[in-house]
Amino acid sequence: MLQHNGTVHQDLQDIDWAIIGIHMSISVAVGVFISKNGHKNSKEYLMAGRNQHGCTVAISLLSGMMSGISFLGGPGYSYKDGAAMFLGYITAGILGPPIAAHLIIPFYHNLNITTAYEYFEARFCRLIRSIASVVFVIKTTIYLGIVLYAPALSISTLTVLPMWVCILVTGVSATLYTIKGGMLAVIWTDFLQSVAMMLVAAFALGFGIHACGGFAEIYNTLKDNDRLVTAKFFEWNPFTPPNAFGKDRKGPAEDYWSMAIGVTLQMIAQCNTDQLAVQRWLTIKDLRSAKIGIYQNGVVQIFMTAICNLIGMTIYTFYTKRDEDPVQSVLGGDSDKVFPYFVLHELPHGLAGLLVAGVLGSTMSVFSGGLNSCATSVYVDIIENAMGKGVPEHRVVRLTRIITVIVACCSIGLAFGAAAITGLVKLAVSLLGLTLGPLLATNLLGMLTSFGNWQGALFGLLVGLFGIVWLSVGSAMCPPDKEDCNSFLAIGHLTFFWYGGFLTVITFIAGAFGSLFFPAPPQSQLDGLCIWYDKKMKQDGIETTPLLVN
């Protein structure tokens with residue numbers, strides 16, 4: 001072993017590299033195989049023909065939404081804070097699917113759209129649609145850069161392989177099969193990656209439990225070190241207490257309600273306004289299959305979340321029994337690195353390669369899905385919206401492939417800047433909350449109110465964008481560990497799980513308030529675009545019409 005930048009590095013064995021190489025080759029080969037007959041039109045390339053099975057999409061979305069951020073950050077968070085995150089995320093996994101299955105997805109299926117933002121133009125105006133699309137593309141491009149960084153962190157911690165090589169290999173591999181196979185390749189590669197990721201995580205957990213001496217030993221260790229959930233965890237506290245992130249703290253800095261409600265809102269926002277998820281659900285052949293798929297996805301998400309958090313608690317028990325803390329003694333306080341460190345030093349040869357392959361797979365899944373959804377949104381919401389639908393089908397596919405390459409290059413470039421970032425879970429949740437909150441509020445203004453108009457929606461979005469700046473500046477200049485803060489910047493003490501909820505509330509209130517000063521849209525324009533009006537028409541025996549007819 002050798003010391004390098006404060007982190008212990010060790011070369012993987014030949015069998016590990018062989019496993020990683022085979023995994024990467026299969027991922028690219030699937031994309032090539034899926035597209036061997038070519039794509040007849042843009043509908044097949046962007047929407048996988050809208051004939052996919054719900055179970056396939058549900059399982060593919062596990063790795064398609066989870067990424068290496070959760071695969072590394074989840075165990076790291078639980079190592080640091082114990083069982084708290086486990087309970088909060090499981091609650092969100094139970095609450096989210098029914099809302100998505102019975103409210104959001106049926107609404108979108110009835111509209112027969114390609115992107116989530118087409119609804120904004122039909123309900124409000126083209127300007128709102130363009131703003132939403134631009135926000136999504138910018139957010140996703142940045143997020144994909146962070147997603148690429150996660151496996152680079154893992155491999156550079158495990159080996160002396162440079163981080164820039166990891167970023168390039170992962171990004172280029174995912175880009176290749178995305179360009180070649182379109183959404184169909186994304187779905188099937190994500191399906192395979194999800195299965196592999198669950199197997200790798202389950203095996204790592206099983207080995208860890210065996211090494212610790214069983215569940216009873218893990219429970220007793222967590223209990224003796226105050227790592228189990230306490231009554232204080234259930235106290236309502238949306239603001240992080242000062243000095244909550246000190247080295248000697250016991251228990252999480254966030255409360256149960258912040259985690260459960262915050263993550264539930266994030267899940268609803270992703271199903272409602274995140275093109276990466278909306279596009280995937282709209283590829284399913286019918287509404288019934290989509291509803292079943294959402295519940296199936298909820299089950300696998302809960303399963304994987306439980307495993308990742310249990311891995312973190314198991315690793316904590318393993319090193320506590322040996323009176324060691326590699327996070328402080330070796331990893332410079334960065335708990336995101338403890339899972340790959342544990343795999344390298346404690347698991348048999350070959351298993352380290354499986355873990356790296358699992359991290360690479362989950363990361364490539366999110367990256368490929370994000371590339372495809374960005375390309376779809378840029379073309380459908382911006383280019384086609386400006387030029388019309390007269391572009392030949394072969395040119396549509398060519399344009400979306402070019403857009404895919406451009407977004408990939410931007411995200412790969414941003415990944416190099418993410419190398420200075422720690423706290424992967426906080427970073428991911430914060431970014432999603434900051435951007436999806438205003439979009440969710442705008443969507444709800446259209447779905448739930450009949451008086452909401454484009455002027456109010458625009459005012460709400462402007463307030464939401466101000467809120468993003470306010471939270472960003474506040475969290476930078478007045479972090480939770482700083483007690484003496486300007487009252488205006490004290491918003492930085494808000495628990496990061498509440499970012500999305502806070503922005504959703506202020507954007508919705510501003511949008512509703514602004515709409516009161518302008519005429520409400522005529523009810524004839526709300527056909528299929530407002531939930532309460534859609535239900536009223538169906539009760540009256542009037543059929544609603546799709547927004548788009550292909």
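Being a predicted model, the structure only gives us computed values, none of them experimental. What you see below is based on every heavy atom in this structure, not just the backbone, and it leaves out hydrogens, waters and symmetry mates.
- Ser377 places no side-chain N or O within donor-acceptor distance of the main-chain N or O of Ser373, the cut-off being under 3.5 Å.
- The main-chain N or O of Lys285 is never found under 3.5 Å from a side-chain atom of Arg50 such that the two would form a donor-acceptor pair.
- Between Phe124 and Phe120, the ring-plane angle classifies as tilted under the 30° and 60° cut-offs.
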Report the C-alpha distance between Ile268 and Thr264 in whole Å, list the side-chain angles of each, state the deciding distance to 0.1 Å, and finish with yes or no for side-chain contact (heavy atoms from CB on, under 4.5 Å). CA-CA 6 Å; Ile268 294 172; Thr264 299; 4.1 Å; yes
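- Put simply, the side chain of Met304 does not reach to within 4.5 Å of the side chain of Val300, judged on heavy atoms.
- Atom CZ of residue Phe107 and atom CD1 of residue Ile113 lie 8.5 Å apart, to the nearest 0.5 angstrom.
- Remark: the Tyr177 side chain and the Ser368 side chain contain an N/O donor-acceptor pair separated by less than 3.5 Å.
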Pair Asn297-Leu61, side-chain contact (heavy atoms from CB on, under 4.5 Å): steps then yes or no: CA-CA 7 Å; Asn297 177 256; Leu61 265 174; 3.6 Å; yes
Please walk me through it: do Val378 and Val137 pass side-chain contact (heavy atoms from CB on, under 4.5 Å)? CA-CA 8 Å; Val378 170; Val137 171; 3.8 Å; yes
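- Rounded to the nearest 0.5 Å, atoms CD1 (Ile292) and CG (Asp286) are 8.0 Å apart.
- Remark: side-chain polar atoms of Gln275 are paired, donor with acceptor, to backbone N or O of Thr114 under 3.5 angstrom.
- Between Arg123 and Leu526 there is a side-chain heavy-atom pair separated by less than 4.5 Å.
- Gln270 places none of its side-chain heavy atoms less than 4.5 Å from the side chain of Val278.
- With hydrogens and angles left out, the side-chain atoms of Asp381 and Thr115 include a donor and acceptor closer than 3.5 Å.
- Annotation: the span from Gln296 atom CD to Lys291 atom NZ amounts to 14.5 Å, rounded to 0.5 Å.
- Across all their heavy atoms, Tyr295 and Pro97 have their closest contact at CD2-CB, 4.2 Å.
- The NE2 atom of His109 lies 9.5 Å from the CH2 atom of Trp281; values are rounded to the nearest 0.5 Å.
- A side-chain donor from one of Asn385 and Glu121 sits under 3.5 Å from a side-chain acceptor of the other.
- The shortest side-chain heavy-atom distance between Asn372 and Thr404 does not fall under the 4.5 Å cut-off.
- The main-chain N or O of Gln301 is found under 3.5 Å from a side-chain atom of Thr305 such that the two form a donor-acceptor pair.
- Closest heavy-atom contact between Ser411 and Leu144: OG-CB, 3.5 Å.
- Ile179 approaches Arg401 most closely through the heavy-atom pair O-NE, 2.8 Å.
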Under the criterion side chain to side chain donor-acceptor pair (under 3.5 Å), I'd like the reasoning laid out for Thr170 against Thr363: C-alpha separation, chi angles, the key distance, then a yes or no. CA-CA 8 Å; Thr170 308; Thr363 300; over 6 Å; no
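- In this structure, Leu529 CG and Gln523 CD are separated by 12.5 Å, a value rounded to the nearest 0.5 Å.
- For the residue pair Ser365/Asp190, the side-chain donor-acceptor check at 3.5 Å is satisfied.
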Go through it in stages, so that I can follow the logic: the residues are Val463 and Phe459, the test is side-chain contact (heavy atoms from CB on, under 4.5 Å), and I'd like the CA-CA distance, side-chain angles, deciding distance and then a yes or no. CA-CA 6 Å; Val463 172; Phe459 178 67; 4.0 Å; yes
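- The heavy-atom pair separating Gly293 from Ala58 by the smallest distance is O-CB, 3.0 Å.
- If you take CD1 on Ile105 and CD1 on Ile294, they are separated by 4.0 Å, rounding to the nearest 0.5 Å.
- When all heavy atoms of Ser515 and Ala457 are compared, the pair lying nearest together is OG-N, 4.4 Å.
- In terms of heavy atoms, Gly467 sits closest to Ile506 at CA-CD1, 4.2 Å.
- Between Gln279 and Thr376, the side chains place a donor N or O and an acceptor N or O closer than 3.5 Å (distance only, hydrogens not considered).
- Classification of the Tyr119-Tyr108 ring pair by plane angle, with boundaries at 30° and 60°, yields perpendicular.
- Residues Thr91 and Tyr256 have side chains that bring a donor and an acceptor to within less than 3.5 angstrom of each other.
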